[in-house]
2 protein chains.
Amino acid sequence: MTTIYDIAKRANVSSMTVSRVINNKGNISEATRKKVEDAIRELNYIPNSAAQSLNLKKTKLLSLVITDITNPFFTKVARGAIDKANQMGYQLILCNTDEDYEKESEYIDALIAKRVDGVIIAPTGDASLKNLKKLMKNRIPFTLIDRKIEDVPCDMVLGDNYEGTRFLLQHLIKNGHQRIAMVHGPLSISTSKERYQAYVETLKLNDLTVNPSFLIEDHYKQEDQLAGINHLLELPEDERPTAFFAVNNFIAIKLIKQLRQGGLRVPEDMAVVCFDDLELFIELDPFLTVSSQPAYDFGYIGTQLVIERVEGDSPTGYRSINLKPELVIRKSSGTSIKE
Amino acid sequence: MTTIYDIAKRANVSSMTVSRVINNKGNISEATRKKVEDAIRELNYIPNSAAQSLNLKKTKLLSLVITDITNPFFTKVARGAIDKANQMGYQLILCNTDEDYEKESEYIDALIAKRVDGVIIAPTGDASLKNLKKLMKNRIPFTLIDRKIEDVPCDMVLGDNYEGTRFLLQHLIKNGHQRIAMVHGPLSISTSKERYQAYVETLKLNDLTVNPSFLIEDHYKQEDQLAGINHLLELPEDERPTAFFAVNNFIAIKLIKQLRQGGLRVPEDMAVVCFDDLELFIELDPFLTVSSQPAYDFGYIGTQLVIERVEGDSPTGYRSINLKPELVIRKSSGTSIKE
DNA sequence: CTGTTAGCGCCTTCAG
DNA sequence: CTGAAGGCGCTAACAG
């Protein structure tokens with residue numbers, strides 16, 4: 001492995017001079033700079049960043065911690081994060097927690113060991129507070145994306161779950177739906193909780209009763225069946241829901257699959273709406289009515305905020321960026337119904 | 001930042017002893033091991049891997065270099081790679097080249113600087129040879145996935161482009177199609193070239209003529225329109241193609257969009273088939289007829305192979321793993337046609 | 001404008 | 001079973 005000393009020897013200068021031209025620091029005569037640069041090129045020298053990190057306490061490494069890159073929302077988030085990171089000269093380590101707090105913990109430890117400069121994280125749930133504190137103890141700045149955790153001093157990039165939910169529900173209500181069921185995730189995840197609360201509030205505001213049996217919880221894990229759906233479908237037609245609000249597109253798809261297995265067509269027999277778009281899919285068959293969130297921006301801006309903090313360019317206070325959803329009406333919500 | 005010396009002091013031992021318990025190396029009395037472990041826990045000590053790397057010349061860092069994480073094929077590949085990497089105690093740096101050789105070069109330099117232990121790469125094209133040579137010069141093992149480059153001594157995980165193409169074309173031919181057009185990518189990418197060659201061979205084997213104007217090249221970049229399609233569609237109905245073979249699903253979607261803009265329905269007016277599945281999509285609406293490749297395995301096995309090489313567990317010779325595609329017949333290819 | 005010295009945090013080697 | 005010395009490749013701080 002060629003080192004700074006090999007270059008120094010070849011260029012007849014000291015290692016410091018080499019270091020200076022590499023980092024463009026201090027004043028160097030054009031002549032020696034050229035000598036050094038030639039030597040670097042001739043020997044194909046590339047600085048060892050482990051050695052640099054040891055000195056500078058900076059690794060130029062960031063990490064994006066999400067639940068699953070395979071979820072189209074997070075795929076886009078990842079693309080945004082990588083783009084910004086690279087643009088600013090950082091590399092990005094990707095971690096999938098699969099909604100599992102333990103996995104998240106292990107990753108956080110590994111990232112601390114790697115001394116990453118910053119972390120962009122969509123936490124697995126409120127319990128993640130402990131993991132975030134570990135980051136803080138190690139002075140690793142992080143920004144929370146998509147999911148909020150209370151009382152954590154950090155930058156955040158969040159969606160507007162209240163507004164997104166309201167868009168979707170009012171669209172259904174306007175179409176005549178009165179019995180709207182919801183499939184949500186664990187309430188320990190802020191997005192799920194907020195959408196849940198917004199659901200309750202919006203129904204009330206519209207003088208609709210909130211039927212507890214219409215609230216179905218999913219675990220955000222891989223199991224194929226949503227428990228409790230079939231039970232709902234067995235209700236007499238004038239009692240069963242006419243529409244479903246799924247808390248995200250993953251769940252909406254599970255749901256639609258299950259409805260079809262139960263012999264129901266979407267949207268003819270049941271309207272379905274959800275959060276988050278299905279990028280490629282919509283090009284082929286614009287089907288799902290969604291509150292579309294700017295996933296790419298979650299990653300891009302989230303990364304920008306950590307980098308600013310890493311490099312000391314941040315204001316003293318913490319910032320909270322709010323990204324607005326957009327209602328996109330497509331087939332799955334059907335048209336007006338008459339009871 | 002707490003170091004090995006802080007632990008040593010607190011446990012009343014030398015730093016060497018601490019290092020030994022961390023790495024489980026050499027013999028240590030149970031008593032001192034416990035003392036050290038307690039100190040580590042009390043101080044929340046986590047070893048600095050930059051320092052470790054500097055000594056050991058191992059970073060426990062791998063990198064996956066693909067063209068675009070947003071492409072569903074590569075999303076799956078990434079998931080497989082991350083899973084295997086973590087399972088073996090490595091972290092994964094993700095890079096998107098966007099089919100751009102220059103970007104790829106920059107990434108390779110950055111990865112060399114980071115002294116990653118290994119790279120899993122789907123090269124941008126034949127020109128990537130130069131980048132791979134740079135890796136070799138720096139003794140960084142890599143495995144080629146999905147796309148092959150001639151005469152590079154390394155492990156590879158490849159699909160069977162010939163078979164996949166044949167599956168698709170024979171399915172169309174069996175359905176009565178005789179004029180089958182193809183949309184391929186740059187021939188400097190092995191997958192595209194092999195599918196192209198397989199297309200020509202398969203048509204010939206079936207006594208169909210290969211019409212040069214039916215061969216359309218796309219650049220695998222983001223532009224929205226496929227040049228040359230509209231020209232084909234203007235042909236009289238008994239001369240224009242009745243089916244399209246798109247070299248991957250990204251292109252198939254572009255194509256279908258464009259066909260529809262031209263007033264053609266798929267599959268009623270035009271059959272379309274392609275490589276690679278659209279995971280989530282197929283749950284909602286099983287539409288595209290594809291040669292489905294085990295994308296996850298490309299990443300998983302590719303990563304396994306590098307790790308084996310990094311850790312010296314590999315055989316002397318280089319391995320080439322062949323992953324078989326599976327023909328999945330769905331709507332987009334329609335049913336039999338009669339001319 | 002350039003060089004010397006020392007140290008980042010850890011592990012290898014060699015003693016004891 | 002444990003410790004002391006030295007070095008991995010680089011840069012900060014100081015000299016000249």
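Order of the sequence lines fixes the chain letters, A, B, ..., with proteins taken first and strands second; residue numbering starts at 1 for each chain.
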Going by heavy atoms closer than 4.0 Å, what residues in residues 36-57 of chain B are next to DNA chain D? B:Leu54, B:Asn55, B:Lys57
How far does OG1 of A:Thr75 sit from NZ of B:Lys76, to the nearest 0.5 angstrom? 10.5 Å
Between B:Lys9 (NZ) and C:dC10 (P), how many Å, whole number? 14 Å
Is there a donor-acceptor contact under 3.5 Å linking the side chains of B:Asn131 and B:Ser105? yes
On DNA chain D, compare the nucleotides closest to A:Asn23 and B:Ile28; which residue's is nearer the 5' end? B:Ile28
Check this for me: does any side-chain nitrogen of one of B:Arg147 and B:Glu99 sit under 4.0 Å from a carboxylate oxygen of the other? yes
Using a 4.0 Å heavy-atom cut-off, does B:Val13 contact any base of the nucleic acid, only the sugar-phosphate backbone, or nothing at all? sugar-phosphate
Out of curiosity, A:Ile301 CD1 to A:Ile321 CD1, how far, rounded to the nearest 0.5 Å? 6.0 Å
Within the modelled atom types, does a donor on one side and an acceptor on the other bring the side chain of A:Tyr5 and the base of D:dC10 under 3.5 Å apart? yes
Short side-chain N/O contact to C:dT4 OP1/OP2 from A:Ser14, under 4.0 Å: no
For C:dT2 and A:Ser29 - does any side-chain N or O of the residue sit under 4.0 Å from the phosphate oxygens OP1/OP2? yes
Salt bridge check: are A:Asp6 and A:Arg10 linked by an N-O gap of less than 4.0 Å? no
Carboxylate-amine/guanidinium proximity below 4.0 Å for A:Arg79 and A:Asp83: yes
Quick one: on DNA chain D, does A:Lys25 or A:Met1 contact a more 5' nucleotide (nearest heavy atom)? A:Met1
Nearest whole angstrom, please: distance from the P of D:dC8 to the CZ of B:Arg115. 14 Å
Could you tell me how far apart A:Lys35 (NZ) and C:dG3 (C1') are, to the nearest whole angstrom? 13 Å
Round to a whole Å and report the spacing from CG of B:Asn27 to C1' of D:dG3. 15 Å
Check the distance between C:dC8's P and A:Lys58's NZ and give it to me in whole angstrom. 17 Å
Phosphate oxygens OP1/OP2 of D:dG9: is one of them under 4.0 Å from a side-chain N or O of A:Thr3? no
The helix from C:dC1-D:dG16 to C:dG16-D:dC1: angle between its terminal axes, five pairs each, to 10°? 40°
So NZ of B:Lys114 and OG of B:Ser53: to nearest 0.5 Å the spacing works out to 11.0 Å
Please state how far atom CG in A:Asp6 lies from atom P in D:dC8, giving the value in whole angstrom units. 11 Å
Rounded to whole angstroms, how far apart are CZ on B:Arg20 and P on C:dC11? 11 Å
Contact under 4.0 Å: B:Thr17 side-chain N or O vs D:dT2 OP1/OP2: no
Rounded distance (nearest 0.5 Å) linking atom NZ of B:Lys134 with atom CG of B:Leu111: 10.5 Å
Within the pair B:Thr32 and D:dT2, is there a side-chain N or O less than 4.0 Å away from OP1 or OP2? yes
Spatial distance of atom CD1 (A:Ile149) from atom NZ (A:Lys130) [nearest 0.5 Å]: 13.5 Å
Taking the basic N atoms (NZ, or NE/NH1/NH2) and the acidic carboxylate oxygens, is any pair closer than 4.0 Å for A:Asp38 and A:Lys35? no
Distance, rounded to the nearest Å, where B:Glu30 contributes CD and D:dT2 contributes P: 10 Å
